[in-house]
Amino acid sequence: SVHYKTLIHMENSGCAWMFQCDKIEDLERMYLLFSRVPISLKEIQKVMMDCMCEAGREVLNDPEKVKDPVSFITAILSLKQKFDRFV
């Protein structure tokens with residue numbers, strides 16, 4: 001239980017990377033493993049929220065998407081669809 005943060009925050013294989021690369025099965029395995037240490041699930045939740053916010057900021061900061069309402073809404077709905085799979 002001491003090393004859960006290290007595993008969650010690993011650069012090319014941790015939670016953020018799994019969320020960005022749509023590694024649903026890997027996230028399921030990580031959840032099953034870490035559900036034995038309830039405090040670790042809060043850390044996974046924090047990483048997921050950070051990923052969602054960062055992805056949303058990327059859409060908001062893209063001048064091409066902000067100019068075109070259809071492109072903007074499509075990008076936002078795409079993000080919602082992506083993250084709905086994880087929740």
Side-chain angles (χ1 to χ4, degrees):
S1 68
V2 176
H3 302 289
Y4 73 90
K5 284 188 179 184
T6 303
L7 294 171
I8 290 172
H9 292 285
M10 290 182 88
E11 190 168 329
N12 290 316
S13 63
C15 268
W17 179 82
M18 288 183 204
F19 285 120
Q20 292 164 357
C21 296
D22 299 326
K23 300 292 186 180
I24 296 170
E25 291 177 2
D26 293 338
L27 284 163
E28 287 175 0
R29 282 190 288 273
M30 182 176 263
Y31 176 82
L32 288 173
L33 176 66
F34 286 128
S35 64
R36 299 174 189 171
V37 183
I39 193 165
S40 65
L41 296 179
K42 289 290 184 187
E43 193 68 24
I44 292 173
Q45 180 183 21
K46 181 185 176 306
V47 170
M48 184 176 77
M49 290 296 297
D50 291 346
C51 287
M52 291 170 70
C53 290
E54 180 60 31
R57 274 192 291 276
E58 286 177 11
V59 172
L60 291 171
N61 292 330
D62 185 338
E64 294 300 315
K65 287 189 174 105
V66 173
K67 275 192 246 178
D68 177 24
V70 173
S71 178
F72 178 75
I73 296 299
T74 301
I76 293 294
L77 290 175
S78 176
L79 276 178
K80 181 191 179 312
Q81 182 178 18
K82 173 181 178 163
F83 285 104
D84 276 351
R85 291 182 298 173
F86 300 122
V87 179

TODO: Could you tell me whether the side chain of Arg85 reaches within less than 4.5 Å of the side chain of Asp22, counting heavy atoms only?
DONE: yes

Task: Presence of salt bridge, Lys65 and Asp62, under 4.0 angstrom - done: yes

- [ ] Keeping the roles fixed (side chain from Ser40, backbone from Tyr4), state whether a donor-acceptor pair exists under 3.5 Å.
- [x] no

Open item on the list: Looking at every heavy atom in both Phe83 and Met52, which two are closest together, and how far apart are they?
Closed with: CD2-CG, 3.4 Å

TODO: For the pair Cys15 and Met30, evaluate side chain to side chain contact (heavy atoms under 4.5 Å, CB included) and give the outcome as yes or no after the intermediate values.
DONE: CA-CA 8 Å; Cys15 268; Met30 182 176 263; 3.1 Å; yes

Task: Note, Tyr31 side chain near Ile44 side chain (heavy atom, < 4.5 Å) - done: no

Open item on the list: So for atom CZ, which belongs to Arg36, do other residues, nucleotides or ligands contribute more than 12 heavy atoms lying within a distance under 6.0 Å?
Closed with: no

TODO: Report the distance from atom CG of Asp26 to atom CH2 of Trp17, rounding to the nearest 0.5 Å.
DONE: 6.5 Å

Open item on the list: Given 3.5 Å as the limit, does a donor-acceptor pair link the side chain of Ser71 with the main chain of Asp68, or not?
Closed with: no

TODO: Could you pull out the closest heavy-atom pair between Val59 and Ala75, with the gap in Å?
DONE: CG1-CB, 3.9 Å

TODO: Can you measure from CG (Leu33) to CD (Glu28) and round to the nearest 0.5 angstrom?
DONE: 13.5 Å

Task: Heavy atoms from other residues, nucleotides or ligands near CD1 of Ile39 exceed 12 (cutoff 6.0 Å) - done: no

TODO: Any chance you could measure Gln20, atom CD, to Glu54, atom CD, to the nearest 0.5 Å?
DONE: 8.5 Å

Open item on the list: Rounded to the nearest 0.5 Å, what separates atom SG in Cys51 from atom NZ in Lys82?
Closed with: 8.0 Å

Task: Donor-acceptor contact present, side-chain Ser78 to main-chain Thr74, <3.5 Å - done: no

- [ ] To the nearest 0.5 angstrom, please state how far the CZ atom of Phe34 sits from the CZ atom of Arg29.
- [x] 13.0 Å

Open item on the list: So that I can tick it off, tell me whether Glu43 and Lys46 are bridged by a salt bridge, with the cut-off set at under 4.0 angstrom between side-chain N and carboxylate O.
Closed with: no

TODO: Identify whether Leu79 and Leu77 are in the same connected component of the hydrophobic contact network (ILVMFWY, side-chain heavy atoms under 4.5 Å).
DONE: yes

- [ ] Quick one: pull up CZ in Phe19 and CG in Leu27 and give me the separation to the nearest 0.5 Å.
- [x] 5.0 Å

Task: Minimum-distance pair of heavy atoms, taken over all atoms of Val66 and Leu60 - done: CG2-O, 3.1 Å

